[in-house]
Amino acid sequence: MRYPFSEIEFKWQKNWEEQQVSKTNLTETSNKLYCLVMFIYPSGAKLHIGHWYNYGPTDSWARYKKLKGFNVFEPIGYDAFGLPAENYAIKTGIHPYDSTMTNIKDIREQLKQMGCMYDWNAELMTCVPEYYRWNQWLFLQLYKKGLAYRKNAPVNWCPNDKTVLANEQVQADGTCERCGSLVIQKNLTQWFFKITDYAEELLKGLDQINWPEKTRLMQRNWIGKSIGTEVKFKVENSSDEITVFTTRPDTLFGVTYVVLAPEHPLVAKLTKPEFKNGVDKYIDSVKSLSEIERTSTIKEKTGVPIGANAINPVNGQKVPIWIADYALLTYGTGCVMAVPAHDERDFEFATKFNLPIKKVILKSGTKPEEIPAEAYTEDGIMINSGEFNGLKSSAGIEKVSDYIEKNKLGTRKVNYRLRDWLISRQRYWGTPIPIIHCPSCGEVPVDEKDLPVELPYNVEFNPGGESPLTTNKEFINVKCPKCGADAKRDPDTMDTFVDSSWYYFRYLNPKVDGKMFDTSLTDNWVPVDMYVGGAEHATMHLLYARFIHKFLRDLGYTKSDEPFSTLVHQGTITNQGAKMSKSKGNVVNPNDFTLKLGSDVFRLYLMFMGPYELGGDWSDKGIAGTERFVLRTYEIFKRFPDILLKANSKEKFNIPELNSEEKIVYRKTNQTIQKFDEEINNFRFNTAIASLMEFINELLKNIDKCSDEMKAYALRRFGTLLAPVAPHLAEECLEIIGSKESIFGKPVWFAPDTEALIEDKVNLAVQVNGKLRATIGMPNNSDQSYVKEIVFADEKIVKYIEGKTIVKEIFVKNKIYNLVVK
RNA sequence: GCCGAAGUGGCGGAAUUGGUAGACGCGCUGGACUCAAAAUCCAGUGGGGCUCACACCUCGUGCCGGUUCGAGUCCGGCCUUCGGUACCA
């Protein structure tokens, strides 16, 4: 290959490092731009196509912003704790610390070869005590506010990874987000962060951030706000009450039975002796089902009556109490009022068990006495509802709720689907939870001055269901800080999503000692202006980080409400339709291309493949195209060495004075500046690069007939536009034509000459009855009367309108002339 | 089931507010260079028709309908693929 990429890339990477062009002056904040990619998980797989696809184009965007005059901060780091390193240790015996450090070393080298302008002074990794002690500190702050707490609850357990998982880490099909094994339910005592306290704010904040609509919607659905009313039902011959939650108080008169979740504490108390046998049997049968089986919507609903009756507070009607697995203990009150006529699930259940169906909402166009074939869940007019008859549903919801509250039968309530974040993990390679369990004092938080609780090196990795930390006696056995008695440390570690919930603060000064992060810097630099990463984090990392950010704000550590002002998701690159993964054996190694073609060619190709947000299936078929583009670019610059020094530099040309080739080149140069800027600014890299290809095509055709001034003008601009997307190549090209220093050391960008954007000739489409019949060249901005004359003289058009009546003429300047004829 | 995104040549993909569909690139075909090949350069390239040829005609953006002088773009109804979600009362 005639383009010596390896020398050129080495040369400029060295130059950038020596000149420190990627080091950000953090004290200059008036034009600050914090551009961040999701940090990298240092697994044995090293850098793969997905990383390149995330980092390369984002770096191009950041470089573009830098050339435009922004003070860009672009850091990178390592999400270094986590399961895969530990699983690797179990398999190979290599300690997670050792494998992680080796991987980081390799990955750092690979990242440098990409040629991104990362500020290496800001590099961080989460697996060192200087970092993770602040996870522990954060935990203690949450604990103090009651937002970190321990409870026994049914939780998700991954039998393969031998740890519990948060709700967000279980996929729709009930499998583990990390390893794909089927997750089971266990009752365990675990640590939770009370993210639900922030549910409303997390929901509202979505309106103020510039995120993809899709992602905001996913978070909205995940938070799942629902507005309704809790209603108390008295139990016949009992002092107990059953509280149900409903979003449809207007259907309260239609209740024909009440359902409790099988695990509900009232079940044992309320079950009549003669029903006990059936109820116990039923509860057993429910327990034996997996979560997926149980919550499957396809499965037929099951349930049994418990023999007791509830009393409908609005009409005094006695209705039977059932238990059924479609009532979930974890949502609302765990009790449901069943209105079969107006709820699909209740309808299905009532039909199966022959329970009465009572219509209380009239669908318009139907009669009250008609027997419904299915539940009617929309709005209608209330019937069979006493004093509320005749009200519309929407009004009924309010009126019935008013009535309930006035008569102390219940209260309005907002429920969220969001559950608290389960953060303990029965694994080794993570942040130890800073709690000591004392037989007499209970759970005792580690004193802040005793942080970090260091993760010991020596443990047994595969203790079979127990946390590995229990195998290190020195670690686990401590004295209670309160009473001095023998006590034990909490053996669990934190979910690694805790690490990633605040790392963007730490980047500004990862070496800062004595505090989580340096607020003198973060106050000016956070929020992150541009955050780029995969959409798969929509309801995990991106939700957790927003929560922790708001918590830190409430403690006074940041002034901003949101961590990431603008978010962009790169698409996923698949291979033969499947996600790339080691287990599937379809991972494409970027080195195969970078070693052969250079990093600029590879970066250009990734950007040129298609829309960034879409990703797509991997194919190297078109890479020859970007390779040729790079070659042609390099060669055209080589033809004009030092042209910048030889020619008088001009910033603007007078178009009428130019010859026809110069006109073409001048126009194309400025049109490309305009187009490229617009496209790359919006992450449309594919069309940005296409515009550069068009540009060089015109240059190659016309440059020999241009003056030296025009050559210098066009080539300088071409090199500049090229710089964000092919940084090494562009630096070299600019140097060839006489540039003396790195463009990134001294940023330059050009504004287009607006006069050059206008073509003096345009092709106008002439249509007859909407069909294209001719295209006619016209001076730019010709008016209708002028165009009309030419159109009506055109023989092709005359052919179509001869002998016909012209009904209408439509003229759009510079675009079309449409004749409607009969 | 529900929510969201997407369906355009042989392929990846372009097309402001509705205004010449197929930019740019791959591939392919022909030509130049070469002993030959690769590389490179030049020309052509949506389907069909017609012509010696230039031209011209016609059909074409998942399917069916609609609005409009004009629809890839707007509206209604489907189909397919991919994400998210899963009885949330």
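Chain letters run A, B, ... following the sequence lines, proteins first and then strands; every chain starts at 1.
Phosphate contact (OP1/OP2 of B/A89, side-chain N/O of A/Ser226, threshold under 4.0 Å): present.
Counting non-hydrogen atoms under 4.0 angstrom, A/Asn415 reaches nothing in the nucleic acid.
In this structure, A/Arg773 atom CZ and B/U58 atom P are separated by 5 Å, rounded to whole Å. Across the protein-nucleic acid pair, A/Tyr605 atom OH and B/C24 atom P stand 18 Å apart, rounded to whole Å. Rounding to whole angstrom units, CD of residue A/Glu678 and P of B/A23 are separated by 21 Å. Separating the NZ atom of A/Lys788 from the C1' atom of B/C69 is a distance of 15 Å, rounded to the nearest angstrom. Separating the CZ atom of A/Arg216 from the P atom of B/C3 is a distance of 19 Å, rounded to the nearest angstrom. With rounding to whole Å, A/Leu328 atom CG is found 8 Å from B/C88 atom P.
When both pairing distances are held under 3.5 Å, B/G72 makes no Watson-Crick or G-U pair with any nucleotide shown. Across all strands shown, B/G1 forms a Watson-Crick or G-U wobble pair, both distances under 3.5 Å, with B/U85.
For the P atom pair drawn from B/G83 and B/C88, the interatomic distance equals 24 Å after rounding to whole Å. Across B/C63 and B/U80, the matching P atoms stand 15 Å from one another, rounded to whole Å.
A/Asp346 and A/Lys301 are not joined by a salt bridge, as no carboxylate oxygen comes within less than 4.0 angstrom of a charged side-chain nitrogen.
No side-chain donor-acceptor contact under 3.5 Å links A/Arg717 and A/Asn670.
For A/Arg419 against B/C88, a side-chain N or O and a base N or O form a donor-acceptor pair under 3.5 Å.
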